[in-house]
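I have a structure here, written as structure tokens, and I will follow up with some questions on it.
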Amino acid sequence: MNIQEAKEQIERAVKIYLMKDSHGNYRIPIERQRPVFLLGAPGIGKTAIMEQISQELDIALVSYSMTHHTRQSALGLPFIRHREYQGAEFDVSEYTMSEIIASVYEMMEKSGKKEGILFLDEINCVSETLAPSMLQFLQYKTFGKHRIPDGWVVATAGNPPQFNRSVREFDVVTMDRLKVLEVEADYDTWRRYAVNRGLHGSIITYLDIKKSDFYQIENTVDGKSYVTARGWEDLSETMYLYEENGFPVDETLIGQYIRSRRIAREFAAYYDLYQKYKQDYRVQKILSGEDDGEVRSRAKKAGFDERISLIGLLLDAIQGEIRENVEREDMLRKLLLTLKNLKIRLGEVAQWDEQTVLNILRSDWESLQQMLSREDEANAIRPAERREYQQVIDILQADAKEIRLAGVYRPQDAFALIKERFDREVGEMKSHREQIGGKLSNLFRFVEKVFGAGNEMLVLVTDLTVNTNSAKFIGRCGCREYEKYNKKFQIYERQQEIADAVEKLQI
């Protein structure tokens, strides 16, 4: 199965393992809750989907790699306890709490989340001394005498032996206590993830052209050659920062992540071509509706690779603006809830001084900081949500600064100042949204004029559909050209699925 199918299987397993009856007992007893065992080649996203699942289900995540654990660190250290049994006294051996189980309790205290996933990576690489204890853990969820807390589901992962010399092949007795999911690299599945994560457009379009270069592990005369999904994603993040700093993105850099000489060399050449297309086609002019006949003529005559690259460049440019606008609107929605509560609290103030409003604002942003800290501790927050928290906190702090500078401390007057700033933010967001809507229409008109309703239009509509931000943007604002071609290609049987996803912003 591919990684998306594995993710769905794990989500379902977690949900049913956490189901209880009317008396509060687990519908599936702890000892019958088989841990998931993700078995697949390195770098295909096994760890990443655990983070996504915990974020989507709003539960905590504790991750451990089993490669470095000894019997003592996993089971705990022995100590002597004095006991009395039926009038006779004895010294008996007991164990301190396992480092792994202790970390689960610590997570619960820090994050406030009582349910979560304990993810043990490289489970089939445990040391020889620890291996016998794993059987007990996999069935009874205990290390030594200590069991993981109720509400925590065990998930594990490992590589097949051909990829890792440290792998110990599990026997049938052990495997019969696991829920085994064998995962394979699949570009089409990964591509949907890459589009939503905002991976560099040159990587996505290069792999659209050369899908076979997405994932490779092979032995060559020069040693082991490998290219993984993890490598492409890490390279993408580095490329963005290199471009921001004006550093060259060349074969030397690419080869540090893409460990195949041929693929690193070919992608480096493609990246240079991608940058050239960006200049030649004047992407921003196309989006602003100012493209000329020369650009359209060149696009019509272009070969397949160049056309795919051009669509990628156009999508890359507009998706960035869409993401910024959608996140801004989501942040304003969150801020609106805070300000509504602030208005109520300020209205209840009977006596005030110059610190009253500032103290209330401070308590609001400190509360948000604590919530963000708890979500971070639980590994249960998406990057976009983190930015949302941070931006709301920044605005509340800026409001406090503006109130101090203006010397406005009467609660009603201070709130009027805050509301004026908020309304200004909303107006700027809506203005930007209208600009993006115009660019999106210009993009469709350009593709329609040059390529008609061919594969290029299909790529455009598909990427706008699978990208969460653009689907949300179109659901909020609409786009006649998108709706026309979406219906034609029947990407969704019910177009309303996007429109109903998010209601209109009412401020």
Side-chain angles (χ1 to χ4, degrees), residues 191-192 194-210 236 239-240 243 249 267 270-327 432-474 477-486 488-489 491 498:
R191 188 186 189 282
R192 290 193 290 273
V195 166
N196 275 290
R197 288 284 290 180
L199 263 67
H200 201 285
S202 63
I203 291 177
I204 295 175
T205 52
Y206 172 79
L207 294 176
D208 282 343
I209 297 166
K210 297 187 176 183
S236 174
M239 287 169 62
Y240 279 126
E243 290 174 346
V249 176
F267 177 65
Y270 176 79
Y271 174 82
D272 291 341
L273 191 60
Y274 187 84
Q275 296 300 324
K276 184 176 183 299
Y277 290 155
K278 186 183 292 187
Q279 298 297 322
D280 292 350
Y281 279 105
R282 301 187 287 278
V283 168
Q284 288 302 325
K285 283 190 172 294
I286 292 175
L287 295 179
S288 63
E290 299 173 7
D291 54 288
D292 53 37
E294 181 185 344
V295 168
R296 290 195 297 272
S297 176
R298 172 172 175 172
K300 283 182 180 179
K301 297 175 182 177
F304 172 76
D305 292 5
E306 188 170 331
R307 291 183 176 201
I308 292 296
S309 300
L310 174 57
I311 297 298
L313 282 165
L314 293 166
L315 279 164
D316 211 22
I318 201 162
Q319 290 284 27
E321 290 196 54
I322 287 174
R323 178 185 63 78
E324 180 184 340
N325 187 263
V326 166
E327 289 188 4
H432 185 216
R433 187 171 65 185
E434 290 176 4
Q435 292 173 17
I436 295 170
K439 290 182 178 182
L440 195 56
S441 294
N442 290 333
L443 171 56
F444 270 97
R445 281 194 286 270
F446 174 82
V447 174
E448 188 176 53
K449 284 180 184 176
V450 176
F451 305 119
N455 288 332
E456 296 79 10
M457 183 67 78
L458 178 59
V459 170
L460 173 61
V461 175
T462 300
D463 274 21
L464 290 171
T465 303
V466 301
N467 185 295
T468 304
N469 287 317
S470 53
K472 188 182 288 189
F473 181 88
I474 292 169
C477 310
C479 177
R480 286 179 297 178
E481 296 86 356
Y482 170 86
E483 291 166 3
K484 169 186 173 182
Y485 285 102
N486 185 45
K488 178 181 178 66
F489 296 133
I491 293 176
I498 293 179

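Quantities reported herein were computed from a predicted structural model and do not represent experimental measurements. Positions are given from 1, in the same order as the sequence printed here.
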**Test item: S236 side-chain N/O and L199 main-chain N/O as donor-acceptor pair under 3.5 Å** =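 Not at all, since once roles are kept as given, no pair shorter than 3.5 Å links the two residues.
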
**Message:** Among Y206, F267, Y240, which residue satisfies the ring-ring contact (aromatic ring centres under 6.0 Å, His included) criterion with H200?
**Reply:**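 Among the candidates, only Y240 passes.
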
**Prompt:** Got a donor-acceptor contact below 3.5 angstrom from the N486 side chain to the Y482 backbone?
**Reply:** no

**Complete:** Rounded to the nearest 0.5 Å, the CZ atom of R192 sits from the CG atom of N467 at a distance of 13.0 Å

**Prompt:** Taking all non-hydrogen atoms of both residues, which atom of I318 and which atom of L443 are closest, and how far apart?
**Reply:** CG2-CD2, 4.2 Å

**Message:** Quick one about Y271 and Q275 (side-chain donor to acceptor, distance below 3.5 Å, no hydrogens or angles considered), yes or no?
**Reply:**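 Yes.
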
**Asked** How far apart are the closest heavy atoms of S202 and T205, and which atoms are they?
**Response** O-OG1, 3.4 Å

**Gap separating the NZ atom of K439 from the CD atom of E321, nearest 0.5 angstrom** = 3.5 Å

**Request:** Would you confirm whether S288, through its side chain, and Q284, through its main-chain N or O, come within 3.5 Å as a donor-acceptor pair?
**Result:** yes

**Item:** Side-chain H-bond candidate by donor/acceptor type, E324 with H432, under 3.5 Å
**Value:**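 Per modelled atom types, E324 and H432 side chains form no pair under 3.5 Å.
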
**Asked** Taking T462 for the side chain and V459 for the main chain, is one N or O donor matched with an acceptor at less than 3.5 Å?
**Response**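 A pair under 3.5 Å: no.
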
**Shortest non-hydrogen separation from L440 to C479 and the atoms involved** =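 Taking every non-hydrogen atom into account, CD2-SG, 3.8 Å.
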
**Prompt:** Can you tell me how far CD1 of I322 sits from OG1 of T468, rounded to the nearest 0.5 angstrom?
**Reply:**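 T468 OG1 to I322 CD1: 12.0 Å, rounded to 0.5 Å.
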
Please tabulate, for side-chain N and O atoms in residues 307-314, each donor-acceptor pair with protein atoms closer than 3.5 Å (sequence neighbours left out).
from: R307; atom 1: NE; to: A302; atom 2: O; distance (Å): 3.1
from: R307; atom 1: NH1; to: E456; atom 2: OE2; distance (Å): 3.2
from: R307; atom 1: NH2; to: K300; atom 2: O; distance (Å): 2.7
from: S309; atom 1: OG; to: Y270; atom 2: OH; distance (Å): 2.6
from: S309; atom 1: OG; to: D305; atom 2: O; distance (Å): 2.9

**Message:** Would you compute the distance between atom CZ of F473 and atom CG of N469 and round it to the nearest 0.5 angstrom?
**Reply:** 11.0 Å

**Complete:** Closest non-hydrogen contact found for F451 with A299 is CE2-O, 3.5 Å

**Message:** Please determine whether a side-chain nitrogen of the Lys or Arg among E294 and R298 lies less than 4.0 Å from a carboxylate oxygen of the Asp or Glu.
**Reply:**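 Between R298 and E294 there is no salt bridge, as every charged N stays at least 4.0 Å from the carboxylate O atoms.
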
**Request:** Could you give me the CA-CA distance, side-chain angles and deciding distance for K301 and E306, then say whether salt bridge (charged side-chain N to carboxylate O under 4.0 Å, His left out) is met?
**Result:** CA-CA 10 Å; K301 297 175 182 177; E306 188 170 331; over 6 Å; no

**Asked** Between R191 and D208, is there a salt bridge with N-O shorter than 4.0 Å?
**Response** yes

**Asked** Taking side chain as C-beta onward, heavy atoms only, is L287 less than 4.5 Å from F446?
**Response**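 No, too far: nothing below the 4.5 Å cut-off.
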
**Prompt:** F444 and K484: side chain to side chain contact (heavy atoms under 4.5 Å, CB included), yes or no, with the steps?
**Reply:** CA-CA 10 Å; F444 270 97; K484 169 186 173 182; over 6 Å; no

**Prompt:** Which distance, rounded to the nearest 0.5 Å, do you find between the CD of E290 and the CZ of R282?
**Reply:** 10.5 Å

**Message:** Restricting to non-hydrogen atoms, name the atom on E481 and the atom on S441 that form the minimum distance, rounded to 0.1 Å.
**Reply:** OE1-OG, 3.2 Å

**Complete:** Between the CG atom in L460 and the CG atom in L464, the distance rounded to the nearest 0.5 Å is 5.0 Å

**Request:** Considering non-hydrogen atoms only, spot the tightest contact between G201 and D316 and give its length.
**Result:**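 The answer is N-OD2, 3.6 Å.
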
**Asked** Is there side-chain contact between V295 and I286, with heavy atoms separated by less than 4.5 Å?
**Response** yes

